Undergrad: 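After the structure tokens below, expect a handful of questions from me.
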Amino acid sequence: MNTDTTTDITFDIQKIRADFPILETKVHNNKTLVYLDNAATSQKPKSVLDALQSYYTTQNANIHRGAHFMASKSTQDYENTRLTVKNFLNAKHTEEIIFTRGVTEAINLVAQTWGRQNLQKGDEILLSTMEHHSNIVPWQLIAEEKGAVIKVIPINDNGEILLDEYEKLLSPKTKLLTICHVSNALGTINPLEKMIPLAKKFGTTIFVDGAQASVHLTIDVQKLDADFYAFSGHKVYAPTGIGILYGKMDILEKMPPYHGGGEMIKDVSFEKSTYNVVPHKFEAGTPNIADAIALKNALDYLQNFDKNALHAHEQALLQYATQEMQKIEGLKIIGQAKEKISVISFVVEGVHHSDIGTLLDMEGVAIRTGHHCTQPLHKRLGLDGSARISFALYNTLEEIDIFINALKKAIKMLL
Ligand code: PLP
């Protein structure tokens, strides 16, 4: 928890909303935007927008090895974000933080480097039914190449991992457990504090997809004992195109590079090149400097809130919306885990989810419909898709009322 003296204990929602200029936007026939698509991407506070503007108007320069003022300032700011992320995740070393484009790139990086180096024929990769496609397909690519096998941890109808079944799947063949901390479609918070120690008994390497967790939970990679942890900036109020891969130092040091190019090398000759130290070994080419710098502003913004107040606010939104939605005839909530973040996927009997999305949009309510990049999960639940609302710290109970009224109106029109 941040001990900054400016910590906002009172959680003044109107003050918070004023930090996000986009929330004033009018859509379709002058309707005020009700943005409930935060699990896909969150909106950005002014401090993040200002950081981008300021970077390009006052200090734009390529980083590392620059012999001038702006290059040094940009390098310093870029590296300062790395330090902020280290603290955000409670990593042991700043060098364990690698900049990527997002979780997708982080997973591909580990699959193509650690995976290629460590996976052999017959090795098993364990993942869960509720994984996002980006935590399935990169492993399928490397598994196919190496002859490794993908095993799937089943879930119950509430959308929770079946821990007994999980335990049965673990064996010395389990080379990797790769799992989402929080499901983007169900909102389920997975019991990693139970799952990781069980896998560690078999020497299994652990990758945690933190895409949905990082904005809602306090992350402590040392306490979790995760070998890798990834999150995307755009889901924690930072810009798109910047993300983080955390890896334990001893593992990162042994991994081969991912992309080749400038910055990731120590010495280059036509005969042979040698590689830079971690983390630079994994950051080939000119990185996304501006967005990396703005990521610090986003994390500072998020960490300025009292964690308990933030959690209580988001849980109140989740509970109120759940309660009001359950009153709607024919509506079924997908994912009723005991431990859940503020995401609600749902279907309505006799109504197609995409039609609901279209009609809500006409009322200014932005939601997401489809399979949410979790086709295997939807198949397990016997669905081809669902509608999803997801809350951020700036959402209000009044917005839920607008959503519920719009939803009722839509259902009436569609039935
Ligand atoms: N994993 C989960 C659980 C997600 O929700 C997402 C994005 O929605 C991703 C991975 C992929 O993140 P990105 O598209 O930012 O790389």
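What you see is a predicted model, and the numbers here were worked out from it, not measured in a lab. When a ligand or atom number is given, it counts from 1 through the structure's own listing order. The analysis underlying the following values was restricted to heavy atoms, covering all of them including side chains, and did not include hydrogens, waters or symmetry mates.
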Undergrad: Strictly under 6.0 Å, is that where the ring centroids of H371 and H133 end up?
TA: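 Judged by ring-centre distance (under 6.0 Å), H371 and H133 do meet the cut-off.
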
Undergrad: Suppose we screen for side chain to side chain donor-acceptor pair (under 3.5 Å). Which residues come up paired with Y394, at least two apart in sequence or across chains?
TA: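 Y394 satisfies side chain to side chain donor-acceptor pair (under 3.5 Å) with N38 only.
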
Undergrad: Among the heavy atoms of E105, does any lie under 4.0 Å from an atom of ligand 1?
TA: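 For ligand 1, residue contact (heavy atoms, under 4.0 Å) with E105 is absent.
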
Undergrad: Among all protein non-hydrogen atoms, which one is nearest to atom 7 (C) of ligand 1, and what is the separation to 0.1 Å?
TA: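 The answer is K235 NZ, 2.9 Å.
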
Undergrad: Which residue and atom name correspond to the protein heavy atom nearest atom 10 (C) of ligand 1, and how close is it?
TA: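 Going atom by atom, the protein heavy atom closest to atom 10 (C) of ligand 1 ends up being S134 OG, 3.1 Å.
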
Undergrad: Determine whether the side chain, the backbone, both or neither of E131 has a heavy atom under 4.0 Å from any heavy atom of ligand 1.
TA: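 No part of E131 comes within reach of ligand 1.
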
Undergrad: Can the ring centroids of F20 and Y301 be said to lie less than 6.0 angstrom from one another?
TA: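 Yes; Y301 has its ring centre under 6.0 Å from that of F20.
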
Undergrad: Out of curiosity, is D209 lining ligand 1, as in a heavy atom under 4.0 Å away?
TA: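 Under 4.0 Å: yes for D209.
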
Undergrad: Tell me if the aromatic rings of H280 and H64 count as close, with their centers under 6.0 Å from one another.
TA: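 Yes; H64 has its ring centre under 6.0 Å from that of H280.
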
Undergrad: Tell me whether the rings of W139 and F207 are parallel (<30°), tilted (30 to 60°) or perpendicular (>60°).
TA: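 If you compare the ring of W139 with that of F207, the planes turn out perpendicular.
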
Undergrad: To check your reading of the model: name the closest protein heavy atom to atom 5 (O) of ligand 1, its residue, and the distance in Å.
TA: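 Its nearest protein heavy-atom neighbour is Q212 NE2, 2.7 Å.
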
Undergrad: I'd like to know if E363 pairs up with K409 as an ion pair, taking the criterion as any Lys NZ or Arg NE/NH1/NH2 lying under 4.0 Å from an Asp or Glu carboxylate oxygen.
TA: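 Judged by the 4.0 Å cut-off on N to carboxylate O distance, E363 and K409 do form a salt bridge.
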
Undergrad: Which ligand 1 atoms does S232 reach within 4.0 Å, using its non-hydrogen atoms?
TA: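 Per the distance check, 12 (O), 13 (P), 15 (O), 16 (O).
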
Undergrad: Please list, one pair per line, the donor and acceptor atoms closer than 3.5 Å that link side chains of residues 330-337 to other protein atoms, with sequence neighbours excluded.
TA:
none

Undergrad: Atom 4 (C) of ligand 1: which protein heavy atom is closest, and how many Å away?
TA: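 Looking only at protein heavy atoms, the one closest to atom 4 (C) of ligand 1 is H132 CD2, 3.3 Å.
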
Undergrad: Nearest heavy atom to atom 11 (C) of ligand 1: which of N108, T41, T104 does it belong to?
TA: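 Shortest heavy-atom distance from atom 11 (C) of ligand 1: T104.
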
